[in-house]
Amino acid sequence: MNQQLAGFAPAPVTARMENHGNHMLKVAMQTGNDLLARVGSMVAYEGFVQYEPNPPAVRQIARDWMTGEGAPLMKCSGDGLLYLADYGANVVVINLNGDAISVNATNLLAFDAHLTWGVERVKGLAKFAGQGLWNTKISGQGWVALTSRGKPIVVDCGGGEDETYVDPDALVAWSPNLKVKGKRSFKAQSLIGRGSGEAFQMAFSGQGIVVVQPSEDSTDRLRFRG
């Protein structure tokens, strides 16, 4: 039996964050390099790892979460290996390397605590969604782990004149420097945008990427406040 299970053993650590299969995140924990992770996402750990729900840094940011965009976070600290998952969702690991990314909070699994982050209003959508759309922007030198309901596709907008249109229920993340606007197509409302009942899309243009998941389940929907 041990030989049959050997293929599922953890691989040697090669990075701060990496995938164990498609649906689990492995984090190499070190003292002084804390992690912020979704509450309830820990499935296993080795070594000495401590957890602090709703730490002060999160409470300060949470003042901006009156929009409902916030996700409960815990601070993880210590030494060892930490394994995180979110109900079998695919895990996508990103090394920002000085870049920034805007993330739907329901798709945010974990990120290095030293990264700069906060909740921001997405410009250009207010007339479509009342007060507009709020997302979590993360930037700096460090690691971020996202989840996707199914294998995602990463669309390179390419910086051309053509726009990339995405169903907001399927949107995971995008480059913050992209221009965003909303579009409604009432004639196609029975064919596009299954989650909302009307054909509302987000249009992206400029230089950057958009991460899209195959699921349009309402539990993954970006939060609009009208």
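As the structure is a computational prediction, the values presented were derived from the model and not from experiment.
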- How close do I101 and A173 get, heavy atom to heavy atom, and via which atoms? CD1-CB, 3.8 Å

- How long is the span from the OG atom in S77 to the CD atom in Q30, to the nearest 0.5 Å? 13.0 Å

- For the residue pair V180 and M202, what are the closest heavy atoms and their distance? CG1-CE, 3.7 Å

- Is there side-chain contact between L171 and N104, with at least one heavy-atom pair below 4.5 Å? no

- Which atoms form the tightest heavy-atom contact between L115 and W143, and what is the distance? CD1-O, 3.6 Å

- Does the side chain of V172 reach to within under 4.5 Å of the side chain of T147, using non-hydrogen atoms? no

- Query: Do the side chains of V27 and C76 get nearer than 4.5 Å, heavy atoms only?
  - Reply: no

- Mind running salt bridge (charged side-chain N to carboxylate O under 4.0 Å, His left out) on D169 and R149 for me, showing each step along the way? CA-CA 11 Å; D169 293 340; R149 303 298 172 184; over 6 Å; no

- N/O donor-acceptor pair under 3.5 Å between K26 side chain and A11 backbone: yes

- Item | Considering all heavy atoms, the nearest L36-P55 contact | CD2-CG, 4.2 Å

- Is there a side-chain contact between S41 and D86, using heavy atoms and a 4.5 Å cut-off? no

- Item | Validation row: L108, V144 side chains within 4.5 angstrom (heavy atoms) | yes

- Side-chain ion pair, E163 and K179, N-O less than 4.0 Å: no

- Query: If two hydrophobic side chains count as joined below 4.5 Å and joins carry through other members, does M17 share a cluster with W117?
  - Reply: no

- Item | Polar side-chain atom of R38 near backbone of L73 as donor-acceptor pair, under 3.5 Å | no

- Message: Let me check something: do V154 and L146 share a hydrophobic cluster, defined by ILVMFWY side-chain heavy atoms less than 4.5 Å apart, either directly or through other members?
- Response: yes

- Query: Between the main-chain N or O of Q141 and the side-chain N or O of H114, is there a donor-acceptor pair closer than 3.5 Å?
  - Reply: yes

- Message: What's the separation between atom CD1 in I153 and atom CG in D156, rounded to the nearest 0.5 Å?
- Response: 11.0 Å

- Do W174 and F204 have their ring centres less than 6.0 Å from each other? yes

- With a 3.5 Å cut-off and no angle check, do the side chains of Q213 and N107 form a donor-acceptor pair? yes

- Message: With a 3.5 Å distance limit and no angle check, can you tell me whether N177 reaches the backbone of G206 through a side-chain donor-acceptor pair?
- Response: no

- CG of N90 to CG of L109: how many Å apart, nearest 0.5 Å? 12.0 Å

- Query: With a 4.5 Å limit on heavy-atom distance, are the side chains of D112 and R16 in contact?
  - Reply: yes

- Would you check, one step at a time, whether the test side chain to side chain contact (heavy atoms under 4.5 Å, CB included) holds for E18 with V13? CA-CA 8 Å; E18 51 193 329; V13 175; 4.0 Å; yes

- Measuring from S139:OG to F111:CZ, what's the distance to the nearest 0.5 Å? 10.5 Å

- Using the six-membered ring wherever Trp is involved, compare the ring planes of H20 and Y83 and label them parallel, tilted or perpendicular (cut-offs 30° and 60°). perpendicular

- Query: Could you walk me through whether L35 and L84 pass the side chain to side chain contact (heavy atoms under 4.5 Å, CB included) check?
  - Reply: CA-CA 11 Å; L35 183 80; L84 306 174; 4.1 Å; yes

- Determine, using the 4.5 Å side-chain heavy-atom cutoff (strictly less than), whether V91 and M24 are members of one ILVMFWY cluster. no

- Enter the distance from Y45:OH to L81:CG here, rounded to the nearest 0.5 Å. 12.5 Å

- Item | Closest approach of A28 to A15 (non-hydrogen atoms, all atoms of both residues) | CB-O, 4.0 Å

- Going hydrophobic residue to hydrophobic residue with side-chain gaps under 4.5 angstrom, can you get from V43 over to F48? no

- Message: With a 4.5 Å cut-off on side-chain heavy-atom distances among I, L, V, M, F, W and Y, is there a chain of contacts connecting L178 to Y165?
- Response: no

- Item | Polar side chain donor-acceptor pair, D79 to T31, under 3.5 angstrom | yes

- Note on the structure: In terms of heavy-atom contacts, Y51 and M74 come closest through CD2-SD, 4.0 Å

- Message: Taking the side chain as everything from C-beta on, heavy atoms only, tell me whether L25 gets closer than 4.5 Å to V93.
- Response: yes

- Query: Does any non-hydrogen side-chain atom of S175 lie less than 4.5 Å from one of C157?
  - Reply: no

